[in-house]
Amino acid sequence: MSSQYVERVLEAVKKRNSGEPEFHQAVSEVLESLTPVIEKNKEFEKAGILERIVEPERQIIFSVPWVDDKGKVHVNRGIRVQYNSALGPYKGGIRFHPSVNTSIIKFLGFEQIFKNSLTGLAMGGGKGGSDFDPKGKSDNEVMRFCQSFMAELYRHIDADTDVPAGDIGVGAREIGYMFGYYKKIKNIFHGVFTGKGLLYGGSLARKEATGYGCVYFCQEMLKDRKTGFEGKKVVISGSGNVAIYAAEKAQSLGAKVIAMSDSNGFVYDAGGIKLDIVKKIKEVERKRISEYAKKVKGAQYTEGCSGIWKIPCDVALPCATQNELDGKSAQALIKNGCIAVAEGANMPSTPDAVKVFLDAQIAYGPGKAANAGGVSTSGLEMSQNSQRLSWAFDEVDAKLHRIMINIHAAAKNAAIEYKTPGNLVNGANIAGFVKVARVMMAHGV
Ligand code: NDP
C-alpha cells in the first residue's frame with residue numbers, strides 16, 4: 001500500500017471505530033486493493049470518496065424486548081446499518097446470532113456495497129441483525145422476537161428505501177414473521193423483504209441462489225484452468241442455506257461432496273454426502289450435523305470445526321461464517337492439493353489465509369464476488385415484485401448463472417487492467433468500487 005490518502009483514511013477508520021476488528025479487517029482489505037485506482041483517479045481524493053464510502057450513511061441501534069414461553073422478559077439489541085445508497089435502495093440481509101455486534105454488521109454492510117455493485121443491479125449496500133439466538137427457541141418465541149424487532153425496524157425500511165433479506169439464523173420462518181408484522185402495522189403489501197415464501201411474493205431459485213451462484217463462480221475459475229467440477233472432491237463448511245445448495249449444485253455437476261459441518265463439528269463421508277439426509281436434519285428437524293453420522297453407515301463425525309480443512313480435497317467452499325479458515329488451514333488445503341477456493345460465506349478466510357491462497361496462485365474467489373448470487377436473485381425478486389409477476393425457476397436460474405459469469409469476468413478483467421492478473425480479490429474490490437465512486441461523484445456531496 002503506498003497511497004498516503006488510503007493510509008490516512010484507514011488510520012482514521014481505526015481511530016473512529018475502535019474495538020471493531022472485523023470492520024477494520026474488511027475496510028483494510030478493500031482499501032489496500034484500491035491504491036492503484038486512487039493513484040490513477042486523483043479526483044476521488046478531492047471528492048472525499050474514501051472518507052464518505054467508509055462511513056455508513058445511517059446506523060440504527062434499538063432495543064428488542066420479547067417474552068419467552070415461560071413469561072420471562074428478555075432484551076436483545078437490534079442493528080440496521082444503511083451503508084451506501086448510491087446505486088439504489090439499501091440492500092442486505094439480517095443476521096440473528098449471539099455474536100452479532102456493530103463491528104460484524106458494519107463489516108457485512110461495507111462488503112455489501114461492492115458486492116451489490118458487482119451484480120450490475122440497482123442496489124445500495126446495507127446489513128442488519130441482532131444478538132438473538134434462534135437456536136433452541138420455540139416457533140412462538142421466534143415469532144414474538146421477530147415482531148418486536150420489526151416494531152422498530154418498520155420505520156426505516158420500505159420497498160424503495162431499504163430491503164432486507166435473510167442471513168445466518170434468518171431463514172424462511174423468520175422472514176415470514178417479519179414480513180407479516182410489517183404488513184400488519186404498515187397496512188401495505190409490497191416487496192419490503194426478499195427471500196420471502198413462494199406463496200407471498202418470493203422468487204423461485206432465491207433459496208438456492210447463493211450456493212448455486214458460488215458454484216457457478218467457481219466453475220468459471222476452473223474453466224480458466226481448463227477443468228471443471230466433474231470428478232472433483234469438494235469440502236464444504238456449514239450446513240445452512242448456502243452450504244446445502246452449494247453442495248446440491250456441485251453434485252449436479254458431477255463433483256463428490258465429502259464433508260460438511262456446523263458450529264459444533266464436521267462429518268466426513270468418503271462415499272459422498274447424502275444431501276437429502278442433511279436437508280432433513282437441518283431444514284426439517286433443525287438438529288445438529290452430528291446426527292448425519294448416526295444415520296449414515298461409514299460416515300464419521302468429528303467435534304470442532306477447523307479440522308474440516310485438513311481433509312484432502314480438490315475444491316473447498318467455506319460457507320459458514322467469517323474468519324473460519326485461518327492461515328494454517330489454508331496451508332493444509334494447499335499441501336493436500338486443493339486447486340480452488342470459492343467463498344460462499346462472507347469473509348470466511350482470515351487475511352493470512354487469503355495471502356496463502358494468492359501466493360500459491362490457486363483459483364481463489366472472494367466472498368463479495370463468489371457469494372453475490374444471493375443478493376443478485378434478491379434483486380430479481382424485487383423486479384418480479386414490482387411487475388407483480390413470478391418468473392419460472394429455470395428463467396431465474398439462467399439469469400443468476402449469467403450474472404455470476406459477468407461478475408467473474410468483471411473481477412478478472414479489473415485484475416488484469418490494474419496489473420495483478422489472477423488476483424480476484426483486487427479485481428472484485430476495484431470493479432465494485434469504481435462504479436459506486438463514479439455515481440457518488442455524479443450525485444454531488
Ligand atoms: P445459515 O444460518 O443458514 O447457516 C449457517 C451455517 O454456518 C450453519 O451450518 C451454522 O452452524 C454455521 N455457522 C454459523 N456460525 C458459525 C461459527 N461461528 N462457526 C462455525 N460454523 C458456524 O446461514 P447462511 O447459510 O445463510 O449463511 C452462511 C454464510 O453465507 C454467512 O457468512 C452469510 O453472511 C453468507 N451469505 C449468505 C447469503 C444468503 O443468501 N443466505 C448471501 C451471501 C452470503 P450452526 O447451525 O451450528 O449455527
Side-chain angles (χ1 to χ4, degrees), residues 1-3 6-7 10 21-22 24-39 107 111 114 118 214 217-227 232-237 305-371 407-433:
M1 185 166 59
S2 63
S3 161
V6 167
E7 283 174 31
L10 198 49
E22 294 86 359
H24 299 171
Q25 184 182 335
V27 174
S28 301
E29 189 233 86
V30 171
L31 293 199
E32 281 170 22
S33 292
L34 296 182
T35 302
V37 185
I38 296 301
E39 302 213 315
F107 114 66
E111 291 275 290
F114 309 103
L118 283 169
C214 179
F217 189 94
C218 194
Q219 210 178 8
E220 293 307 298
M221 297 197 298
L222 292 173
K223 257 190 220 163
D224 275 350
R225 285 161 172 79
K226 310 267 179 289
T227 184
K232 295 281 186 299
K233 281 188 189 160
V234 180
V235 164
I236 302 181
S237 63
C305 300
S306 62
I308 195 171
W309 308 120
K310 293 193 186 126
I311 300 171
C313 64
D314 304 299
V315 175
L317 305 176
C319 294
T321 194
Q322 65 274 355
N323 292 328
E324 54 163 312
L325 199 169
D326 63 12
K328 270 195 182 153
S329 301
Q331 275 160 356
L333 282 169
I334 302 290
K335 189 168 145 257
N336 289 328
C338 177
I339 58 164
V341 176
E343 296 180 341
N346 284 308
M347 208 168 77
S349 308
T350 64
D352 286 350
V354 174
K355 188 170 180 318
V356 171
F357 296 144
L358 293 177
D359 287 351
Q361 296 190 340
I362 63 158
Y364 170 60
K368 72 170 68 65
N371 72 33
I407 292 174
H408 176 264
K412 179 176 152 180
N413 292 336
I416 293 169
E417 186 186 340
Y418 283 90
K419 309 212 173 356
T420 51
N423 183 332
L424 299 182
V425 176
N426 285 349
N429 287 335
I430 292 170
F433 168 79

Phe217 and Ile407: CA distance, side-chain angles, deciding distance, side chain to side chain contact (heavy atoms under 4.5 Å, CB included) verdict | CA-CA 8 Å; Phe217 189 94; Ile407 292 174; 4.1 Å; yes
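- Scored by the salt bridge (charged side-chain N to carboxylate O under 4.0 Å, His left out) test, Glu111 finds Lys368 as partners (sequence neighbours excluded).
- One finds the NZ atom of Lys328 at 14.5 Å from the CG atom of Leu333 (value rounded to the nearest 0.5 Å).
- Looking only at side-chain heavy atoms (C-beta outward), Trp309 and Pro318 come within less than 4.5 Å of each other.
- Taking all atoms of both residues into account, the shortest heavy-atom contact from Asn336 to Pro312 is CB-CA, 3.8 Å.
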Determine, step by step, whether Val234 and Cys313 satisfy the side chain to side chain contact (heavy atoms under 4.5 Å, CB included) criterion, reporting the C-alpha distance in whole Å, the side-chain angles of both residues, the deciding distance to 0.1 Å, and the verdict.
-> CA-CA 6 Å; Val234 180; Cys313 64; over 6 Å; no
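- A donor-acceptor contact shorter than 3.5 Å links the side chain of Glu324 to the backbone of Thr321.
- With contacts defined as side-chain heavy-atom distances shorter than 4.5 Å, the pair Val37/Tyr418 qualifies.
- Closest of all the heavy-atom pairs between Leu31 and Val6 is O-CG1, 3.6 Å.
- With hydrogens and angles ignored, the 3.5 Å screen pairs no side-chain donor or acceptor of Ser329 with any backbone N or O of Leu325.
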Decide side chain to side chain contact (heavy atoms under 4.5 Å, CB included) for Asp314 and Cys338; before the verdict, give the C-alpha distance in whole Å, the side-chain angles of both, and the deciding distance to 0.1 Å.
-> CA-CA 4 Å; Asp314 304 299; Cys338 177; over 6 Å; no
Pairs of donor and acceptor atoms involving the side chains of residues 355-362, under 3.5 Å and at least two apart or interchain, shall be tabulated with distances.
residue: Lys355; atom: NZ; partner: Asp359; partner atom: OD2; Å: 2.8

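- Distance CG/Asn426 to CD/Glu417: 12.5 Å, rounded to 0.5 Å.
- Not a single donor-acceptor pair under 3.5 Å links the side chain of Ser3 to the backbone N or O of Glu39.
- Side chain to side chain, Gln25 and Asn323 meet the donor-acceptor criterion of an N or O pair below 3.5 Å.
- Residue Lys233 places its NZ atom among 12 or fewer non-hydrogen atoms of other residues, nucleotides or ligands, all under 6.0 Å distant.
- Within the 4.5 Å cutoff, no side-chain heavy atoms of Asn429 are placed close to those of Glu32.
- Between Phe433 and Phe114, the angle of the ring planes lies from 30° to 60°, which puts this pair in the tilted group.
- Nearest heavy-atom pair, Leu118 versus Gly432, reported as atom, atom and distance to 0.1 Å: CD2-N, 3.8 Å.
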Name the atoms and distances for all side-chain donor-acceptor pairs under 3.5 Å in residues 339-353, with sequence neighbours left out.
residue: Glu343; atom: OE1; partner: Tyr364; partner atom: OH; Å: 3.4
residue: Glu343; atom: OE1; partner: Gly367; partner atom: N; Å: 2.8
residue: Glu343; atom: OE2; partner: Ser349; partner atom: OG; Å: 2.6
residue: Glu343; atom: OE2; partner: Tyr364; partner atom: OH; Å: 2.6
residue: Asn346; atom: OD1; partner: Lys115; partner atom: NZ; Å: 2.8
residue: Asn346; atom: OD1; partner: Asn371; partner atom: ND2; Å: 3.1
residue: Thr350; atom: OG1; partner: Ala353; partner atom: N; Å: 3.2

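- Remark: Gln331 CD to Lys335 NZ distance equals 10.0 Å, nearest 0.5 Å.
- Residues Leu317 and Ser237 form no side-chain contact, since every pair of their non-hydrogen atoms from C-beta on lies 4.5 Å or further apart.
- With rounding to the nearest 0.5 Å, the separation of CD in Glu29 from NE2 in His24 is 15.0 Å.
- Considering all non-hydrogen atoms of both residues, Ala411 and Ala428 come closest at CB-N, 3.7 Å.
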